[in-house]
Every structure is written in structure tokens, then in C-alpha cells.
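Data first, discussion second: the structure below is written as C-alpha cells.
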Protein chains: 2
Amino acid sequence: MPNPRLFSLKSDSIPRATIQRLALYVQVLEDLQREGADVISSESLAKACDVNPSQIRKDLAYFGKFGVRGVGYYIQDLIASLKRCLGIDHTWKTVLVGVGNLGRALLNHKEFKLRGFEVIGAFDCDPFKIGEEVSGLEVMCTKRLMEKSHELGVEIGIITTPPERAQRAANHLVEAGIKGILNFAPARITVPEHVVLEYVDFFHHLYSVAFNITLSQQK
Amino acid sequence: MPNPRLFSLKSDSIPRATIQRLALYVQVLEDLQREGADVISSESLAKACDVNPSQIRKDLAYFGKFGVRGVGYYIQDLIASLKRCLGIDHTWKTVLVGVGNLGRALLNHKEFKLRGFEVIGAFDCDPFKIGEEVSGLEVMCTKRLMEKSHELGVEIGIITTPPERAQRAANHLVEAGIKGILNFAPARITVPEHVVLEYVDFFHHLYSVAFNITLSQQK
DNA sequence: GATTGTGAAGTGTTTCACAGCA
DNA sequence: TGCTGTGAAACACTTCACAATC
């Protein structure tokens with residue numbers, strides 16, 4: 001269901017970093033809401049997110065005007081607006097390919113639904129895993145991806161295979177008409193231009209930690 | 001063991017993005033090496049990493065001169081140099097706090113050692129988990145972190161607790177004299193300035209996928 | 001002849017500073 | 001008065017273009 005554009009996109013090229021920060025704002029705002037807060041200024045939110053207040057106002061300005069001058073932002077409204085901007089005002093149907101350690105951990109992750117994603121299919125090419133039930137889902141053969149995806153109306157695919165099988169998984173997902181892929185496998189993959197592709201590799205972050213420790217020790 | 005500076009840092013402020021890309025270069029170079037390649041030009045490597053060739057040369061220039069004009073880069077040497085630059089020419093001793101689904105998946109992850117990190121301790125505050133063996137490690141009470149960390153010489157801590165317990169885990173790690181933290185919990189945490197802190201939140205990447213799909217559908 | 005290393009130009013992002021408004 | 005929204009300035013990162021050199 002492509003929702004109508006409910007926000008006014010001021011610019012057609014939004015910094016990638018802005019999107020990542022919007023996700024952070026939502027997370028922090030939801031925490032604040034749980035603590036009973038009602039209204040917040042860009043300055044307070046900035047402090048909680050460890051960014052510059054102007055940064056927040058600029059990020060929001062890409063999508064519209066959500067605040068009240070002299071007052072701040074109504075938290076509940078802002079959360080709703082941001083979710084609409086990010087496209088998570090509805091639940092995205094998702095499948096996972098590669099039921100290894102990481103795949104299992106993700107399937108058992110309770111927060112998916114809470115955050116606007118629902119994993120409705122688990123696939124693997126290992127005959128020993130097919131038929132097994134993981135977190136209420138029956139693991140199916142990767143070859144059935146196309147058939148099942150169409151049946152279920154899947155939009156996003158998550159790859160958690162070993163690196164050498166990531167490209168094949170991607171091919172199956174593309175064939176199945178998926179619109180976007182999140183790849184956890186430490187391997188570059190190629191997809192047609194119309195398919196959105198993102199990588200997650202936590203080792204890169206570990207490297208970053210290691211590097212910064214080394215750096216601080218050399219000072 | 002702080003290693004002596006074996007590379008010449010040309011600038012004291014290296015873009016964060018550069019570090020992330022160096023990690024990517026190592027990954028891709030190791031793949032190429034396995035395929036039998038020996039020498040590579042910045043242009044070919046750029047194609048494999050999906051970045052601009054000048055970008056690669058600039059990234060490397062922060063650390064020194066690793067190539068041969070008219071020839072390219074010797075892959076084996078370049079991998080070694082990059083690892084030294086990133087600080088992963090030795091193995092980092094690591095502990096993990098929070099043995100839930102994600103924690104378990106990470107503990108079972110085979111690639112840690114391969115990539116220069118060794119998880120030598122697993123901690124949790126749940127009495128039911130304490131004593132349990134996960135991937136060859138006995139889960140210990142978080143309160144014993146300090147004692148054990150000093151004993152083992154731990155440098156990096158990984159937090160995989162639920163968000164509400166992330167700050168407490170961080171406090172324990174800081175107390176234990178840890179130098180860097182990688183936080184998987186979806187919660188902002190505060191640490192002293194001398195402690196390196198990085199966040200991993202794959203939901204932010206999922207949001208990014210969702211947003212880009214929404215965007216491409218609105219065009 | 002090929003490819004690196006690098007100053008300079010170009011592009012994109014962040015921060016500042018203040019006008020505009022509740 | 002207080003805080004947002006935003007043009008302009010500052011800064012950071014990327015790409016270009018070419019001299020250096022193997």
C-alpha cells in the first residue's frame with residue numbers, strides 16, 4: 001500500500017545522515033514519552049541525542065514544520081509525523097533468508113513488530129533446517145521464496161546467510177519482487193537499480209572502536 | 001600492548017567515513033586474495049567496493065604511501081598495512097554483557113577471531129543464566145566484571161542487554177577499566193570521555209530501507 | 001604507458017545567527 | 001520572552017585533474 005505523501009518534501013535529496021538521525025529521534029522521543037514528557041525543545045532533544053540543536057531543526061525542515069515557536073515540539077505529534085516521514089506509519093512485511101545464529105537471533109527479536117516490521121517468512125537452503133520451527137515460523141526452502149513472497153506480499157528481505165551465499169539469496173529475493181534488502185552478510189552484492197540495498201556489518205563498528213582506542217593511546 | 005605507531009598519520013583528524021571504508025577495503029581485499037589476485041589498481045578495487053578511485057587513494061593517503069606508481073597495490077602488503085592502520089594487527093580481548101538472543105548469536109559467531117577480536121568473557125545479571133555455558137564460555141554474574149576484566153586484561157566491551165539495562169552494563173564496563181564499548185542496545189548511554197563508544201542499531205538501517213522504498217515509490 | 005599521490009575545485013553537511021512568530 | 005525556521009557562513013568530505021614516477 002503506497003501511502004500518499006503526507007509530508008511536504010522540501011528538497012529531493014535528503015542526506016543519508018538525516019534519515020539515520022530521524023530514526024534516532026524517534027527512539028529517544030519514545031523514551032521521553034514513556035517518562036511522561038509532553039513537549040520538548042530542539043535544545044533538550046539535541047542534548048538527549050548528542051547532536052546540535054540546529055541540526056535537529058534542519059533535519060525536520062526537510063519534511064515540513066512540526067514545531068511551535070516559543071514552545072517547542074509536541075512529542076506525541078512529532079513521533080507520529082516522523083514515523084510518517086520515515087515510512088513506518090504502517091508495518092512492513094519482511095522475510096529473512098539464512099537461519100543461522102544471527103538469523104535465529106533476529107527471528108526471536110521481539111522488537112520487530114514494535115518498530116514497524118513483521119517477519120512473515122524464514123528461508124534457508126539447508127535441508128536439515130527446512131521444516132524446523134523458529135519463533136513460530138516454519139523454515140522453508142529458499143526455492144519457494146518467489147511463490148511465497150507473492151502470496152504474502154513481501155516488501156523487504158533480510159539476508160543473514162554466510163557471505164558466499166549472500167548473492168544467491170539476493171537473486172532469489174529480487175526474483176521474488178522484493179523492493180528492498182538489508183544485507184548482514186559480510187559480502188558486497190549486486191542488485192538491479194530499482195531495489196533498495198543497505199548493509200549492516202557490526203565488525204566495521206568494532207574496527208572503528210579498535211581504531212579510536214589505538215588513536216587515543218598514541219596521543 | 002599499545003603498538004608503536006607503524007604508520008605515519010598525515011592528519012590528526014581522519015573522517016569517520018574513511019575508517020568505515022578501510023574496514024570495507026580489508027574485507028574486499030581478503031576476498032580478492034582468496035581468489036588468487038596479487039596486485040590491484042585503485043580503479044579495480046574501487047569498482048569492487050563501489051566507491052570512487054580517488055576516494056581510495058585519498059583514504060590511504062591519510063596513513064601513508066602504500067602503492068607503486070604505474071603498477072598498483074600489492075594486495076598482501078596492503079591488507080597488512082591497513083590492518084596495522086586500523087589497529088587490528090593484534091587480537092583485541094573482548095567481553096560481552098547480556099546473554100540474550102543477540103548475545104548468544106554473537107558468542108557463537110565464528111568470525112570474531114578471524115577478524116581480530118576474541119570474546120573471552122560472557123556476563124549477565126540473570127541468575128538463571130549464570131553458570132550456563134555458551135560457546136565454550138561460562139556465563140558469569142555482571143558483578144564479577146571488574147575482577148575478571150583485570151585478571152584477563154580486557155580492552156573492549158560489547159553490550160547486548162535490553163535497553164533499560166544498557167547504562168548499568170556500561171557503568172560496570174567503565175569501572176572494570178575497559179577502553180572501548182560497542183553498544184547494540186537501542187538506548188543512548190553516557191561514558192567518560194576517555195572511553196570510546198560506538199552504537200550499532202540495525203533498525204536504523206531498516207528504517208533507511210523503508211524510507212528509500214517509500215521515496216522511490218513517490219517519484 | 002600506467003597508475004599513484006595530491007593540490008585545487010566542487011559538492012554536501014553542519015553550525016551560526018537572527019528574523020519571525022506564538 | 002522563548003523557541004522555531006531558515007538564509008548565509010563555515011566546515012568537511014569527495015571528486016577532479018594532473019604532475020610525479022615506476
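Chain letters run A, B, ... following the sequence lines, proteins first, then strands; residues in each count from 1. As the structure is a computational prediction, the values presented were derived from the model and not from experiment.
Remark: A:E43 engages no residue in a salt bridge (Lys or Arg N to Asp or Glu O under 4.0 Å) (not counting sequence neighbours). Legend: residues meeting salt bridge (Lys or Arg N to Asp or Glu O under 4.0 Å) with B:R168, ordered by chain and number and at least two apart, are absent. With sequence neighbours excluded, the residues forming a side chain to side chain contact (heavy atoms under 4.5 Å, CB included) with A:V196 are B:V209, B:N212, B:I213, listed by chain and number. Checked against side chain to side chain contact (heavy atoms under 4.5 Å, CB included), A:E175 has the following partners two or more places apart in sequence or in another chain: A:M146. For A:T142, the side-chain hydrogen bond (donor to acceptor under 3.5 Å, both in side chains) criterion is met by no residue, not counting sequence neighbours. Here A:K83 pairs with A:E30 under the salt bridge (Lys or Arg N to Asp or Glu O under 4.0 Å) rule; sequence neighbours left out. By the salt bridge (Lys or Arg N to Asp or Glu O under 4.0 Å) test, A:R165 is found to be paired with no residue, residues two or more places apart in sequence or in another chain being considered. Every residue meeting the side-chain hydrogen bond (donor to acceptor under 3.5 Å, both in side chains) condition with A:E111, not counting sequence neighbours, appears here in chain and number order: A:R115.
Spacing between atom CZ of A:R57 and atom C1' of C:dT13 amounts to 16 Å, rounded to whole angstrom units. Atom NZ of A:K65 and atom C1' of D:dG5 are 7 Å apart (whole Å). Remark: C1' of D:dG5 and CZ of A:F63 are 16 Å apart, rounded to the nearest angstrom. Here C:dT13 presents its P atom at 13 Å from CG of A:L22, a figure rounded to the nearest Å. Rounded to an integer number of Å, the gap from CD1 of A:I56 to P of D:dT4 is 9 Å.
In terms of phosphate contacts, B:Y73 brings a side-chain nitrogen or oxygen within less than 4.0 Å of OP1 or OP2 of C:dG5.
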Report, one pair per line, the protein and nucleotides 11-15 of chain D atoms (nitrogen or oxygen only) whose separation is under 3.5 Å.
unit_1, atom_1, unit_2, atom_2, d
D:dT14, OP1, B:R21, NH1, 3.0
D:dT14, OP2, B:R21, NH2, 2.9
D:dT14, OP2, B:Q55, NE2, 3.3
D:dT14, O5', B:Q55, OE1, 3.3
D:dT15, OP2, B:Q55, OE1, 3.4
D:dT15, O4, B:K58, NZ, 3.1

Scan nucleotides 20-22 of chain C against the protein and return all N/O pairs shorter than 3.5 Å with their distances rounded to 0.1 Å.
unit_1, atom_1, unit_2, atom_2, d
C:dG20, N3, A:R69, NH1, 2.9

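Inspection of the A:N171 and A:Q167 side chains reveals an N or O donor paired with an N or O acceptor under 3.5 Å.
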Hey, can you pull the donor-acceptor pairs under 3.5 Å for the side chains in residues 70-77 of chain A, sequence neighbours left out?
none

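When side chains are defined from C-beta on, A:R104 does not count as touching B:R104, because their heavy atoms never get closer than 4.5 Å.
Within residues 28-50 of chain B, no residue approaches DNA chain D, by heavy-atom distance under 4.0 Å.
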